[in-house]
Each structure stands twice: as structure tokens, then as C-alpha cells.
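Note that ligands are numbered from 1 as they come in the structure, with each ligand's atoms numbered from 1 the same way.
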Amino acid sequence: MQIEEQTWDCVIIGGGIAGLTASIYLAQAGKSVLVLEKSKTLGGRGRTTNKMDSYLNLGPHALYTNGKSIEILNELGIEIDGGIVPTKGKILHNDKIYDLPATAISLLTSPLLSWKAKKELFSFFIKYKTIDTNRIKNIPLHQWLQHKMKNEVARQLILMLSRLATYSNEPERISAGAALKQLQLGNAIYLHYGWQSMINALEKRATEAGVHFQTSKQVKKVNGSFPQFTVHTNDEMITAHHVLSTSTPHEIAKMFSEHERAPEIKECHPVYVSCIDLVLSRLPNPNIDFALSLEDPFYFSNHSRIAKLSERDYHVVHVMKYTIATEDTERELEDFIEKVQPGWKEYVVYKRYLPRMIVSNGLVLAQSKRPSPKVDQIPGFYIAGDWVGDGMLVDASFQSARKAAQLILENTR
Ligand SMILES: Cc1cc2nc3c(=O)[nH]c(=O)nc-3n(C[C@H](O)[C@H](O)[C@H](O)COP(=O)(O)OP(=O)(O)OC[C@H]3O[C@@H](n4cnc5c(N)ncnc54)[C@H](O)[C@@H]3O)c2cc1C
């Protein structure tokens with residue numbers, strides 16, 4: 001097949017979740033679509049690796065029951081299989097372990113909280129699902145919480161939950177509306193066999209729809225505009241009517257370095273985390289599967305308690321600090337595991353440290369808007385990813401990918 005010689009209706013840069021999603025919508029509408037992926041495999045940050053017959057996502061990965069991802073997967077006829085994470089677990093505070101106050105009774109009886117804190121939290125939990133998040137989208141979360149809650153521990157608890165929901169620890173910058181919206185998304189789902197099961201299903205659906213893929217193809221430069229783009233890869237030139245990039249803002253800027261009209265990328269503020277991914281033969285403390293630190297940005301979760309993630313009944317555990325690593329971070333993460341699972345090092349079958357993971361290429365900031373999928377300066381050029389349009393994390397990738405595909409289809413009518 002001489003795919004190099006044709007002019008594609010759309011070339012998609014990047015074969016992660018956004019690229020795969022957009023490719024399906026376009027190909028199902030009859031468009032010729034080529035996906036170019038610089039890695040050897042598809043999936044991007046949603047990939048899962050197999051270690052010691054166990055399935056490890058790149059850090060902890062969950063979908064939300066009421067998020068756009070589930071809506072779009074349903075729309076595409078893709079079924080996902082996994083377990084819903086129950087809202088129970090532990091909180092670490094001043095080296096003591098408390099139950100997470102996840103129900104009204106556990107909140108009212110929690111020894112962690114004063115009566116003032118209980119009262120404020122009770123009233124928050126009753127109302128938070130009905131808060132109009134649009135009205136507070138331009139206020140930073142920290143400022144909104146200072147105004148809403150007087151009790152320091154109550155505020156810390158909401159900040160801890162918002163770290164969990166948004167994967168970020170920047171309350172002075174993040175939009176209160178966006179963080180609250182994220183908290184409204186319902187329960188998390190851990191997927192059986194990791195997110196790779198979702199990637200494989202997306203790839204299968206794309207292939208059935210007629211999408212072409214080329215891996216180990218890095219796009220270096222893009223020239224032109226609708227209806228004639230030239231896409232320069234490491235070893236060839238490809239022509240297309242439309243280009244959709246799901247790459248990072250930084251890489252897109254490089255692709256357009258010779259253009260005066262580069263896509264809108266100034267405002268993007270990437271969010272980093274550092275993680276330890278573990279396969280353990282045993283959990284020293286089987287009563288703790290999930291724990292968060294109240295004042296420090298640490299997360300611990302035994303994902304294999306909820307999802308099928310090991311062929312050998314090992315435990316697949318993800319531990320995370322909601323910041324980019326410094327030289328102390330690996331030790332801090334290990335110390336946190338030790339508090340939750342004392343003696344865990346004896347049972348390590350596999351351990352991986354990921355110090356600089358980008359969970360989102362663009363935090364939803366209170367003070368500025370994120371770019372939209374249509375890049376006005378370059379007709380026919382679109383963007384999608386977790387830094388584009390509404391929503392957060394992979395919900396934003398799914399949503400912006402669908403929107404970009406719709407805009408491309410409208411442009412060709
Ligand atoms: C540790 C961690 C935990 C996370 N947990 C969650 C979670 O619990 N819930 C949630 O919703 N989200 C989570 N996320 C975020 C989620 O993984 C991402 O939002 C999602 O995978 C992004 O998909 P994407 O397709 O937009 O981008 P990517 O997955 O980054 O895909 C972009 C693709 O483009 C390719 N590419 C880039 N430049 C070029 C080029 N020049 N030429 C060719 N190819 C190129 C890349 O190789 C990549 O495959 C997490 C992320 C991390 C890192």
C-alpha cells in the first residue's frame with residue numbers, strides 16, 4: 001500500500017488516547033486518517049506495562065463514573081471493564097492513622113475533627129454537588145476555600161480531596177470551579193489489566209473504521225494550511241487537508257518555529273507528579289488499601305484490590321507525590337509507604353520510580369482560559385489533549401479530541 005503518495009483528509013500527530021479517539025470519529029465519518037506516533041507503541045501516557053506478570057499503569061490511573069471519558073467510550077461502543085473504588089480508606093495526620101470520613105456517621109464520629117470542622121464539612125458535603133461551578137471558575141481554589149471555611153483542618157481535608165480528584169497541588173492557581181467540578185464526578189474506576197485494555201479497544205475500533213497507523217514516526221515540522229498541509233517526519237513528507245496535533249504545547253511550538261502564527265500556547269501550566277509503582281508479593285498491613293496524607297501531598301493505593309492486575313495474585317500498588325521530584329522525593333515516598341505498610345520492602349517483587357510525570361499539560365487556571373481545539377491562526381490545524389478545552393486529565397483529552405473531529409468534519413461539509 002503506497003500510503004505516502006496520497007493526500008490524507010487528516011493527519012493526526014500522536015497515538016495516545018486523544019489521537020485514537022479523534023481518529024475513530026473521523027474514519028467512521030468516511031475520512032482517510034493517518035496517525036503518526038513517535039514511540040514504538042500507541043497509548044501515550046495511558047500505556048500499561050507488564051512486569052512480573054502484573055499490569056502497571058504509568059502511575060495511578062482511574063476514570064470517573066460521571067466523566068466525559070465514559071460518555072465518549074459509550075458513544076464509540078467501547079466497553080470497559082473494571083471495579084469501582086469504594087469511598088473508604090485512611091488519612092495520615094501527625095503520624096497517626098484515621099479513617100477517611102466518607103459517610104455522615106464516620107464524619108460525625110471522627111476523632112480527627114473538632115466539632116467546628118465537622119459542622120463545616122457536613123454542610124459542604126451536603127451542598128457541594130449542587131454548587132454552580134461556572135460562577136466560581138475565575139477564583140483560585142485556595143481563596144474560595146478561605147472564604148467558605150474558617151476551620152483549618154476542614155480546609156485541609158477539602159484540599160486533600162481536591163488533590164485526589166485533580167492530581168494537582170496548586171490551590172493558589174487552580175480554578176475553584178474546575179476543582180469542584182472534578183469533585184462532582186463521582187466514583188473512580190480502576191480498569192482490569194490497566195488502561196492498556198482501553199487503549200487496545202480504541203485501537204481495535206480505529207482499525208475497524210479504517211484508520212492507518214505509523215509508529216516510530218516523529219513529526220518535526222508542519223507547513224501550510226487548509227486544504228494543503230505538508231507534515232515532515234523523521235524520514236518522509238506527508239500531505240494532508242487537515243492536521244490535528246495531540247502533542248504537547250512545547251512540541252507544537254517547535255513544529256511551527258518558522259511560522260509567525262504559532263498556536264496559542266503561552267498560558268499552559270503543566271502539572272507534574274512523582275510516583276513509585278510497586279508489585280508486592282504481600283501487603284504487610286492488609287487492612288489498608290488506600291491512604292492519603294492530610295497536610296502533605298502523598299497518595300497510596302492498592303489498585304489490585306479493586307481491579308484484576310496480576311496473573312500471580314501479587315499486589316499492584318501506586319504511590320504518588322503531587323509534585324515534581326527533588327533529590328529527596330524517592331525517600332519521602334518510601335517513608336510514606338513505610339507508615340502505611342511497615343516492612344513493605346521485604347515483599348517487593350518489582351519497583352519503579354517515575355520522578356517527572358506530566359499528569360496534565362495544562363492546569364485549569366483561575367486567571368486564564370485554556371486554548372480551544374480550533375487554532376484560528378492556522379486554518380485546518382487543530383489541537384487536542386489534556387490541556388485543551390474544558391475538563392481535566394483524560395476527560396479533557398477525550399472531549400477535545402471529539403470536538404476537534406467534529407470541527408474537521410464541519411470544515412469539509
Ligand atoms: C502518573 C499519571 C497519572 C494519571 N492519572 C490519571 C487519572 O487517574 N485519571 C485521568 O483522567 N488521567 C490521568 N492521567 C492523565 C492521562 O494519562 C492523560 O491525560 C492522557 O493519557 C493523555 O492522553 P493524550 O492522548 O492527550 O496525550 P498523550 O498520552 O501524551 O499522547 C500524546 C502522544 O503523542 C505522541 N507525540 C508527541 N509528539 C509527537 C510528535 N512530534 N510526533 C509524533 N508523535 C508525537 C506521544 O508520544 C504520545 O504517544 C495521569 C497521568 C499520569 C502521568
For Phe381 together with Phe226, are the ring centres under 6.0 Å from each other?
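Ring centroids of Phe226 and Phe381 are no less than 6.0 Å from each other.
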Polar-atom distance check: [X] versus ligand 1, any N or O pair below 3.5 Å?
| X | result |
| --- | --- |
| Gln218 | no |
| Arg45 | yes |
| Ser247 | yes |
| Val394 | yes |
| Val219 | yes |

Contact partition for Leu58 relative to ligand 1, non-hydrogen atoms under 4.0 Å:
backbone
At a non-hydrogen distance cut-off of under 4.0 Å, which region of Leu393 contacts ligand 1 (side chain, backbone, both, or neither)?
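It is both backbone and side chain that touch ligand 1.
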Considering residues, nucleotides and ligands other than [X], do more than 12 of their heavy atoms fall under 6.0 Å from its [atom1]?
| X | atom1 | result |
| --- | --- | --- |
| Glu172 | CD | yes |
| Glu327 | CD | no |
| Arg356 | CZ | no |

[atom]: which protein heavy atom is closest, and how many Å away?
| atom | answer |
| --- | --- |
| atom 35 (C) of ligand 1 | Glu37 OE1, 3.3 Å |
| atom 50 (C) of ligand 1 | His61 NE2, 3.2 Å |
| atom 45 (C) of ligand 1 | Lys38 CG, 3.7 Å |
| atom 24 (P) of ligand 1 | Ser397 OG, 3.8 Å |
| atom 18 (C) of ligand 1 | Asp386 OD2, 3.5 Å |
| atom 34 (O) of ligand 1 | Gly14 CA, 3.1 Å |
| atom 9 (N) of ligand 1 | Ala62 O, 2.8 Å |

Would you sort out whether Val317 and His303 count as a side chain to side chain contact (heavy atoms under 4.5 Å, CB included), showing the intermediate values?
CA-CA 6 Å; Val317 169; His303 282 228; over 6 Å; no
Does ligand 1 have an atom that lies less than 4.0 angstrom from a heavy atom of Arg47?
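Not so, Arg47 does not reach ligand 1.
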Does ligand 1 have an atom that lies less than 4.0 angstrom from a heavy atom of Met320?
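No, Met320 has no heavy atom closer than 4.0 Å to ligand 1.
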Option with minimal heavy-atom separation from atom 31 (O) of ligand 1, where the choices are Gly391, Gly16, Ser274
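Comparing heavy atoms across Gly391, Gly16, Ser274, the nearest one to atom 31 (O) of ligand 1 lies in Gly16.
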Could you give me the CA-CA distance, side-chain angles and deciding distance for His241 and Thr412, then say whether side chain to side chain contact (heavy atoms under 4.5 Å, CB included) is met?
CA-CA 9 Å; His241 300 309; Thr412 48; 6.0 Å; no
What atoms of ligand 1 come within less than 4.0 Å of a heavy atom belonging to Leu36?
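Reading through ligand 1 atom by atom, the close ones are 43 (C), 44 (N).
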Pairs flagged by salt bridge (Lys or Arg N to Asp or Glu O under 4.0 Å) wherever residues 196-205 is involved - sequence neighbours left out
Lys204-Glu208, Arg205-Glu208
Which is it for Arg173 and His269 under the side-chain hydrogen bond (donor to acceptor under 3.5 Å, both in side chains) test, yes or no, and what are the steps along the way?
CA-CA 10 Å; Arg173 286 173 174 254; His269 178 78; 3.3 Å; yes
Quick one: does Leu309's side chain get under 4.5 Å of Asn57's, heavy atoms only?
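SC-SC contact between Leu309 and Asn57 ruled out.
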